[in-house]
**Student:** 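Just passing along the structure, written as structure tokens.
Because only heavy atoms are used, hydrogens play no part in the values below, and waters and symmetry mates are left out as well, while side chains stay in.
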Protein chains: 2
Amino acid sequence: MKIMNPDPAPVFFEKCAQHGLKITPQRKVIYQEVMKAKDHPTADAVYKRTRKILSNISFDTVYRTLLSFTEIGIINLVEGYGEQKRFEPDPAPHHHFRCIKCHTIFDFENDSYDHIPVPDEVRKYGNVTNKRVVLEGICSKCSKSK
Amino acid sequence: MKIMNPDPAPVFFEKCAQHGLKITPQRKVIYQEVMKAKDHPTADAVYKRTRKILSNISFDTVYRTLLSFTEIGIINLVEGYGEQKRFEPDPAPHHHFRCIKCHTIFDFENDSYDHIPVPDEVRKYGNVTNKRVVLEGICSKCSKSK
DNA sequence: TACTATATAGTAATAATTCCTATTTGTAAA
DNA sequence: TTTACAAATAGGAATTATTACTATATAGTA
């Protein structure tokens, strides 16, 4: 017996409840589409995939929902984060602390981070020319202004 | 004697020559503005700063030039990279290899990366909730299709 | 079952990025 | 030097991504 649209994992219901998000058919489908993705889909890609199941879902719903899911931590946003491009002058190796609320990036240097070994596994993907550690969290300013 | 517009560092001329970029007044000013930035300016911010020196420089020139500089490696692009937002399903800790040409991101897991210690220095910026190592380079597909 | 805050579809507005074209300019070669 | 020409520029337009708006529908609670 083939189940066409099984319910999402319990974590989905738990997290939504925790954060007061209602369970809608749209959200269930969007969540499942992201969970089964093997790539890192854009909002537009998720939109196209969900439309095969919910034929009149709107882009805005998909987009907003993805952001909501990101906020409650059931999916992730990968770099780039879709904001404006930002440039930096310093070509010396350094690392970043990034605030997930206000998106400010703080630079720091760290010698041991500079020298982390590249796993063999990664060599098959390509030739590594830059290493960067990105630490993410909420900056002190944002956690105060809460 | 005050020098108003000293020439950029030699590395600027060397790298431009290496990559066949002509030395223009616009490029000199743009380069210097980025080099003296203490923040991570957007293209628009660089545009506004350069206009104080070259009053009729166009946004397009600034934007293109910043991208050129990034390509030849005299300035850097920080995350986000200004592309579309991309989402990923896996909330488990993992790391990324990112191709600087085609922007594909390859996931990999690495236990020792998961456990890198957070420097004390970083604690003053905020509370770290996520660690990610981003290795950048050119993926094997892109280096072939060269 | 009825109520109400939340979510939705559809669309419009805004913002960021990229493209286009006529003109100008840096640089290599004469 | 001067010349020739590929490359770069200004100005603006087009495209693409993101976010906002509003009337309607719906999930979840009382």
**Student:** How far does CZ of F97(B) sit from CD of E121(A), to the nearest 0.5 angstrom?
**Tutor:** 12.0 Å
**Student:** So that I can tick it off, tell me whether R64(B) and E71(B) are bridged by a salt bridge, with the cut-off set at under 4.0 angstrom between side-chain N and carboxylate O.
**Tutor:** no
**Student:** Rounded off to whole Å, could you give me the CZ-to-C1' distance for the R27(B) and dA7(D) pair?
**Tutor:** 8 Å
**Student:** Grab the NE2-C1' distance between H19(A) and dA27(D) for me, whole Å please.
**Tutor:**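 Taking atom C1' of dA27(D) as the reference, NE2 of H19(A) is at 19 Å.
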**Student:** Can you check the K22(B) NZ to dG26(C) C1' distance for me, whole Å?
**Tutor:**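 Going from NZ in K22(B) over to C1' in dG26(C) covers 5 Å.
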**Student:** Report the end-to-end axis angle of the helix from dT1(C)-dA30(D) to dA30(C)-dT1(D); each axis comes from five terminal pairs, and the value is rounded to 10°.
**Tutor:**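 Here the helix ends are tilted 40° relative to one another.
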**Student:** Would one find a side-chain N or O of Q26(A) under 4.0 angstrom from OP1 or OP2 of dA27(D)?
**Tutor:**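 It does not, given that no N or O in the side chain of Q26(A) lies less than 4.0 Å from OP1 or OP2 of dA27(D).
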**Student:** Round to a whole Å and report the spacing from CG of L54(A) to C1' of dA25(D).
**Tutor:** 15 Å
**Student:** Rounding to a whole Å, what distance do you find between L67(A):CG and dT19(D):C1'?
**Tutor:** 10 Å
**Student:** Considering only heavy atoms, which members of residues 36-51 of chain A lie under 4.0 Å from some atom of DNA chain C?
**Tutor:** none
**Student:** Contact list please: residues 55-65 of chain B against DNA chain C, heavy atoms, distance less than 4.0 Å, in numerical order.
**Tutor:** F59(B), D60(B), Y63(B)
**Student:** Which residues pass the ring-ring contact (aromatic ring centres under 6.0 Å, His included) test with F59(B), sequence neighbours left out?
**Tutor:**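 ring-ring contact (aromatic ring centres under 6.0 Å, His included) list for F59(B), sorted by chain: Y47(B), Y63(B).
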**Student:** Which heavy atom of V62(A) sits nearest a heavy atom of A43(A), and at what distance?
**Tutor:** CG1-O, 3.9 Å
**Student:** Tell me the interatomic distance from L66(B), atom CG, to dA8(D), atom P, rounded to whole angstroms.
**Tutor:** 15 Å
**Student:** What is the separation between atom CD on E71(B) and atom P on dA8(D), rounded to the nearest whole Å?
**Tutor:** 12 Å
**Student:** Can you list everything that forms a salt bridge (Lys or Arg N to Asp or Glu O under 4.0 Å) with R27(B)? Sequence neighbours excluded, please.
**Tutor:** none
**Student:** Give the rounded distance in Å between these two atoms: CG of L21(B) and P of dT27(C).
**Tutor:**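 Going from L21(B) (CG) to dT27(C) (P), I get 10 Å.
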**Student:** Please list, chain by chain and in numerical order, all residues satisfying salt bridge (Lys or Arg N to Asp or Glu O under 4.0 Å) with D111(B), sequence neighbours excluded.
**Tutor:**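 Listed in chain order: nothing, the list is empty.
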**Student:** Between E136(B) and R98(B), is the salt bridge (charged side-chain N to carboxylate O under 4.0 Å, His left out) condition met? List the steps.
**Tutor:** CA-CA 5 Å; E136(B) 294 177 312; R98(B) 177 176 175 275; 3.2 Å; yes
**Student:** Of all heavy-atom pairs between S140(A) and K124(B), which one has the smallest distance, and what is that distance?
**Tutor:** OG-O, 3.5 Å
**Student:** Locate the shortest heavy-atom distance separating Y113(B) from P119(A); write the atom from each residue and the value.
**Tutor:** OH-CD, 3.2 Å
**Student:** Can you see which heavy atom on T129(B) is nearest to which on G137(A), and at what distance?
**Tutor:** OG1-CA, 3.6 Å
**Student:** For a quick test of reading the model, state the closest non-hydrogen atom pair linking E33(B) to R49(B) and the distance between them.
**Tutor:** OE1-CB, 3.4 Å
